Amino acid sequence: MPDPDLQSLAGSSTQSMPERKQFGNHLPPPTRTIALGDKLPPPRRLSSGSSSESEEEDEEDVKLKIDLLPDASRASRRPPTADCHKYSEFHIHVPAYTATVAVSGQAVAVATHHHLRIYDLSRSDSPIWNLDSKANGFDIKLKDFKMTSVEFRPAASHEDRGWFLWVGTKEGHLIELDVRTGKVTGWRPAIHAHTVTHMFRYSQSMITCDGTGKVLVWSPPEGIDLDIRSQTPRVVRVADKQEWMQMLGGQLWTSTRDPNGGGAGPGASKGPFVRVYDIFTPGSVGRSLLPTEHLGAVTAATILPTQPSQVYMGHEGGHISIWSLGSSETPPQCTEVMKVSTSDILSLEGVNARLWAGTRKGTIEAFDVSSKPWTVTNNWMAHQKLPVLRISVDTWSMEKLSKLLVYSVGRDERIRFWDGLLGIDWIEQAMMKREAEFNTFRTMTALIVSWNVDSAKPDALTGTAENVNFLQEVLQSMDTSPDIIAFGFQELIDLESRKMAAKTVLLGGKKHADGVMSQKVSTSYKKWYDRLTLSVRLAMPPDEPYSVVHAENLVGLFSCIFVKNSEKAALSHAALTTLKRGMGAGMATRCVQFWVEGSALSLGAQGAIIARFVLDDTSVCFINCHLAAGQHHVRQRNADAAAILEDKTLLPDAAPLEEIVAYVNGGDGSMVLDHEIVFLNGDMNYRIDQRRDAVIAAIKAGDLELLLVHDQLRKELKYNRAFRLRHFSEGPLEFAPTYKYDRRSDEYDTSEKARVPAWCDRVLWRSLHPERVEQVHYRRWEANVSDHRPISAAFKIRVRRVKTEARARVRAEATEEWRHVEQQLLCEAMQYYIDQQMI
């Protein structure tokens, strides 16, 4: 019955409420005017007063966007280091944001404030010239100037190319010096009235720019060297205060961010503002351009050699806009915008057939843009997890070093050199074709058992023979005892129970050194652990004992992996980790939220347990996952899968370099896709897009082929080219959907929700060499103590052992073959830069 005290309190509070004021006593609420045809603005969200809630919403939004980004699941993480210098570049210090750099073959110039350091990496890793304007190190009348830009100028004679350096200063001076001698060969004091912010080389000309929009075009007569002392430059005016400038296709492109911040209201711009100037045509007027949608500020731009009629422009916010170059009659035009990163694109360069982009996380990504969606072909750590501020091709390197060198400058205050032709990848591909010459192989077997137990305890396996004998039958389902047994369970605890879930999250899945589960963990995990170890001991031959190599739990997930004792000597680099997904909880922390209203618990139950080890010289990864639930949450499931596969910091780095042969694509074992063979099992929650009655009718009729057409996972694998599981395989689904049953019944869900039956429980695999994994069986079992039926998949896998000396011989031969291919590619690259008048 209602509490009378509460009723009286409510009544008194109602009576004491002040009378509502008339509308006229207040200012009218703000309005938004939307013109006909305008895009509707996003709905306003009510503020909760909690910053953590908004942060979690942003985090979830980022997670959902992961599967929309270019696919990096097959990218090589092998750094394409260049070995053409006698001395290393690691001792070159490039102060972040204050230094400017120019490179010409072995010569590197670094200007910072009053200091100019010139390096020759063929002679030393220390500066061969260290000039200080305060100490009159330049030996000219100009003193105490600050250097703000540098660039090597072109030269008419072959022996002088790439040796004369132009220096721009804060005071507007231009200085030229010969880096071979360290002597100034000419200067023009205060030719710019303000700071020289940019310098560009184009054909035989030099272009210098200052912050007020004054551009000087220095073009010498044909066949004559540019003389900074006597040459009269042509003055071109561009808009002032441009944040970004670059020569592209013989035109000067500039940009500044939208001062109004863009927006969706009437008359709002689509900034940033882009202007293009034909500075080599006297009297031409700059063209103002806008992208097709509002984007972040421009950070870099480039032209891809394989697509010379387009400009690729990088933006804050992780977008790349694509522009046509236009012509004298038609202006450049933005044709497309691509989202490629969750953070800013800080630097961009077109190198051979790839688009290289530098990120805030210190990585350089190389995109294949020849087809849609784009794919990431290379992704390596370049600057110690700090922003990559600049990427540039050293066009001088082709004639000076017979290499296509790319250099990058990072926030770690280092310059790095890279092989623009990615020769190391070519060599690895060539070696892969000859693996039989240096590998020996043997066959092993693996059994994977996956089950969403819906919080059932092992002692619930009673009643029917299918329940009582389940574990014994599944363990003996192969002709011979498997070398590896991987159990992957989901919802081991009642996710509706606050006490159980909180205990699991807060105490975690800790283990003792001998693999035994910690007593602090919920007894549910301990009971299943004990039951599985007992079942393996009873079901397997007594002369073939097994050991637990991995046991872990995470908010309902439980993995337990056994390996035959006879194979333990071949096992190394065992590691295990967990990844939490759902409810804005990045890893396995912050994953429980309590709601005061109704005392309900909201728990992010999605995530994965990831285990790996190396057998002989083959790396194997087992993933037990639980993806986002819900009939229509395909995108969330895809994002969960992408996060599991592409997280770069999940597992510990594996190995000394001599043992890195076990991992693929240049990886070190810290990512899932560094492993040669990956097994993925669990409650993936992909549903069947059909009416419930039609699905049940098809099941009763045995017409599973009709249902497979509507299976969400099969559709994503077939039609979604950006789907991260696209390169995984699955055996034929010849068993009925495993979800959702009434407990201890053969009837599909008869509750009020009446869920549509589905193949939620799956086992997939991915192998760098598909022929090395063969599925023996893929089936379901009829234990009925859960609302899911368990499934199992058995495999034969071929593992390899590397013969080190034979591999070294094959590598040397492949490297020699690459040198011939490299010369041909260099000729093609040089012709492109000649056509673009960049050399």
Side-chain angles (χ1 to χ4, degrees), residues 439-451 458 469-489 511-517 528-552 558-576 609-624 651 654-655 659 662 669 675-681 763 765 767 772-779 781 790-802:
N439 284 337
T440 57
F441 296 91
R442 67 187 180 103
T443 299
M444 299 183 67
T445 54
L447 175 67
I448 298 174
V449 182
S450 183
W451 191 13
N469 300 325
F470 163 61
L471 288 174
Q472 179 182 352
E473 290 178 353
V474 72
L475 288 168
Q476 296 176 346
S477 60
M478 299 185 70
D479 294 338
T480 59
S481 55
D483 298 304
I484 305 166
I485 305 170
F487 287 98
F489 290 171
K511 304 180 296 300
H512 295 299
D514 59 359
V516 180
M517 301 297 295
W528 273 110
Y529 177 86
D530 292 342
R531 181 62 177 271
L532 293 178
T533 53
L534 176 63
S535 298
V536 169
R537 188 167 68 250
L538 294 178
M540 294 301 153
D543 58 343
E544 294 183 343
Y546 288 74
S547 295
V548 176
V549 294
H550 288 305
E552 182 61 285
F558 177 62
S559 289
C560 192
I561 300 178
F562 297 81
V563 172
K564 276 184 180 177
N565 286 358
S566 59
E567 294 293 346
K568 288 181 68 175
L571 188 147
S572 62
H573 299 306
L576 184 144
I609 299 175
I610 303 166
R612 75 107 188 278
F613 43 75
V614 173
L615 291 164
D616 292 344
D617 289 312
T618 296
S619 53
V620 186
C621 184
F622 292 89
I623 306 172
N624 173 27
L651 293 157
E659 299 177 355
H675 299 83
E676 186 172 334
I677 298 173
V678 179
F679 293 106
L680 176 67
N681 74 268
V763 178
W765 75 92
S767 175
R772 294 183 190 170
V773 177
E774 176 189 351
Q775 191 171 65
V776 178
H777 80 235
Y778 190 27
R779 57 168 296 183
W781 301 84
I791 62 171
S792 69
F795 298 91
K796 292 180 180 178
I797 58 177
R798 294 186 71 203
V799 298
R800 63 192 173 101
R801 183 174 291 279
V802 176

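Every heavy atom of this structure was used, including side-chain atoms; hydrogens, water molecules and symmetry mates were not. Since this is a predicted model, take the numbers as computed values, not measurements.
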Check whether Glu544 reaches the backbone of Lys564 with its side chain - one donor and one acceptor, N or O, closer than 3.5 Å. no

Would you call Pro790 and Val474 a side-chain contact if the rule is heavy atoms closer than 4.5 Å? no

Roughly how far apart are Asn565 CG and Tyr546 OH, rounded to 0.5 Å? 9.5 Å

Please check this pair: side chain of Ser619 against backbone of Ala662, looking for a donor-acceptor N/O pair closer than 3.5 Å. yes

Apply ring pair (Phe, Tyr, Trp, His ring centres under 6.0 Å) to Phe795 and Trp765, showing your working. CA-CA 10 Å; Phe795 298 91; Trp765 75 92; 5.2 Å; yes

How about Val620 and Phe679: do any of their side-chain heavy atoms sit closer than 4.5 Å? yes

Looking at every heavy atom in both Thr443 and Lys796, which two are closest together, and how far apart are they? CG2-CB, 4.1 Å

If you apply the rule side chain to side chain contact (heavy atoms under 4.5 Å, CB included), what do you find for Val799 with Arg442, and how did you get there? CA-CA 6 Å; Val799 298; Arg442 67 187 180 103; 3.7 Å; yes

Between Ser481 and Pro541 the two heavy atoms that sit nearest each other are CB-CD, 4.1 Å

Taking atom CD1 of Ile484 and atom CG of Leu571, what is their separation to the nearest 0.5 Å? 8.0 Å

Within-4.5 Å side-chain heavy-atom neighbours: Phe613 and Ile561: yes

Give a yes or no on whether the backbone of His573 and the side-chain of Arg612 come within a donor-acceptor separation of less than 3.5 Å. yes

Check Leu576 against Ala551 and note the closest heavy-atom contact, atom names and distance. CD1-N, 4.3 Å

Ser535 side chain vs Gln472 backbone, donor-acceptor pair below 3.5 Å: no

I'd like to know if Arg779 pairs up with Glu473 as an ion pair, taking the criterion as any Lys NZ or Arg NE/NH1/NH2 lying under 4.0 Å from an Asp or Glu carboxylate oxygen. no

My understanding is that only one of Asn681, Leu471, Ile448 makes a side-chain contact (heavy atoms from CB on, under 4.5 Å) with Phe487; could you say which? Leu471

Measuring from atom NE2 of His550 to atom CZ of Phe622, what distance do you get when rounded to the nearest 0.5 angstrom? 9.0 Å

Taking the side chain as every heavy atom from C-beta outward, state whether Thr618 and Phe441 have any atom pair closer than 4.5 Å. no

Return the NE2 to OG distance between His777 and Ser792, rounded to the nearest 0.5 Å. 3.0 Å

Check whether any side-chain heavy atom of Met540 lies under 4.5 Å from a side-chain heavy atom of Ile485, and answer yes or no. yes

Roughly how far, to the nearest 0.5 Å, is the OG1 atom of Thr445 from the CG atom of Asp483? 4.0 Å

Has the side chain of Ser767 got a donor or acceptor atom that lies under 3.5 Å from a matching backbone atom of Ile677? no

Would you check if Trp528 and Cys560 make a side-chain contact, meaning some heavy-atom pair closer than 4.5 Å? no

Applying side chain to side chain contact (heavy atoms under 4.5 Å, CB included) to Val548 and Tyr529, what does each step give before you reach the verdict? CA-CA 10 Å; Val548 176; Tyr529 177 86; 4.0 Å; yes

Provide the closest heavy-atom pair for Met478 versus Ala446 in the form atom of the first, atom of the second, distance. SD-O, 4.0 Å

CG-CZ distance between Leu447 and Phe562, expressed to the nearest 0.5 angstrom: 11.5 Å

Could you report the tightest heavy-atom contact between Cys621 and His675, atom names first, then the distance? CB-CG, 3.8 Å

Kindly indicate whether the side chain of Phe558, heavy atoms from C-beta on, has any atom under 4.5 Å from the side chain of Asn624. no

Taking salt bridge (charged side-chain N to carboxylate O under 4.0 Å, His left out) as the criterion, tell me which of Arg798, Arg800, Arg801 meets it with Asp616. Arg801

